[in-house]
Q: 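Take this structure, written in structure tokens, and hold onto it; I'll ask about it next.
We're numbering straight along the sequence, starting at 1. Quick caveat, the model's predicted, so the values are computed rather than measured.
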Amino acid sequence: MDVTAGEIAGLIAAGAFLMLVVVLAVPILKLRHTVDAATQAINDLNDRTGPVLGNVNETVENVNTALGQVQVTLDGVNVQLAKVDTMTEHAQNVTASVANLATVVSAAAANPLIKVASFGYGLRKATAARRHAEEERDVRATLKQRRKAARAAR
């Protein structure tokens, strides 16, 4: 059996093709390992992202709870400040009343007409004090309603 030049050329071509396939198979196999590693990394990232997002949600809920507590505290501070304002105003009224009383007593002893004016002044002050007390009760009632609404909102 004689081997022809065409058969030799065919064998050489087949051998070259086999070498090409072997040379290309190595990078393709390495690329497959790279793709598998990237897929595994993405799967790991997905597995870890869920708990992290859960922790973020829990942190946001805790921050919202803390903000609600701060609001309640601020409401309490505002109530205390309203009480301090009321006490300061009462102290001013007492000081003014004492000063006026001293003036009225010295003037009343000197002139009976001043006694009538003093009585009118005292009456006006008493009326104003009564109005002020009513306003103070309204403010306290409003603050109490706000606190109840804040507690109900929680």
Q: Side-chain heavy atoms nearer than 4.5 Å, only ILVMFWY residues, links allowed to pass through others: does that put V139 and V79 together?
A: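 Yes, one cluster joins them.
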Q: How long is the straight-line distance from NZ of K148 back to CD of Q145, given to the nearest 0.5 Å?
A: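 Going from CD on Q145 over to NZ on K148, the span is 7.5 Å.
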Q: Roughly how far, to the nearest 0.5 Å, is CZ of R147 from CG of N78?
A: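 Atom-to-atom, N78:CG and R147:CZ are 10.5 Å apart.
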Q: Once rounded to the nearest 0.5 Å, what's the spacing between atom CG of N62 and atom CG of N55?
A: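 If we round to the nearest 0.5 Å, N62:CG and N55:CG are 10.5 Å apart.
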Q: Which value, rounded to the nearest 0.5 Å, describes the distance between E61 atom CD and T59 atom OG1?
A: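 Separation between the atoms: 9.0 Å.
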Q: Could you check whether E89 and N93, counting side-chain N and O atoms only, form a donor-acceptor pair closer than 3.5 Å?
A: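 No, because no side-chain N or O of N93 sits under 3.5 Å from a partner of the opposite role on E89.
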Q: Between D75 and Q71, is a side-chain contact (heavy atoms from CB on, under 4.5 Å) present by the stated rule, with each step listed?
A: CA-CA 6 Å; D75 289 343; Q71 182 61 41; 3.2 Å; yes
Q: Show your working on salt bridge (charged side-chain N to carboxylate O under 4.0 Å, His left out) between E135 and R131 and close with a plain yes or no.
A: CA-CA 6 Å; E135 290 173 358; R131 269 191 248 127; over 6 Å; no
Q: When rounded to the nearest 0.5 angstrom, what is the spacing between NE2 in H90 and OG1 in T95?
A: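 Here the interatomic distance stands at 12.5 Å.
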Q: Taking the side chain as every heavy atom from C-beta outward, state whether L143 and R140 have any pair of such atoms under 4.5 Å apart.
A: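 A side-chain contact under 4.5 Å is absent here.
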Q: May I ask you to check whether over 12 heavy atoms, not counting those of K125, lie within 6.0 Å of atom NZ?
A: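 More than 12 heavy atoms, drawn from other residues, nucleotides or ligands, come within 6.0 Å of this atom.
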Q: Quick check for you: to the nearest 0.5 Å, what is the distance between L24 atom CG and L20 atom CG?
A: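 Answer rounded to 0.5 Å: 4.5 Å.
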Q: Can you see whether D44 engages Q40 through a side-chain donor-acceptor pair at a distance of less than 3.5 angstrom?
A: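 Short answer, yes.
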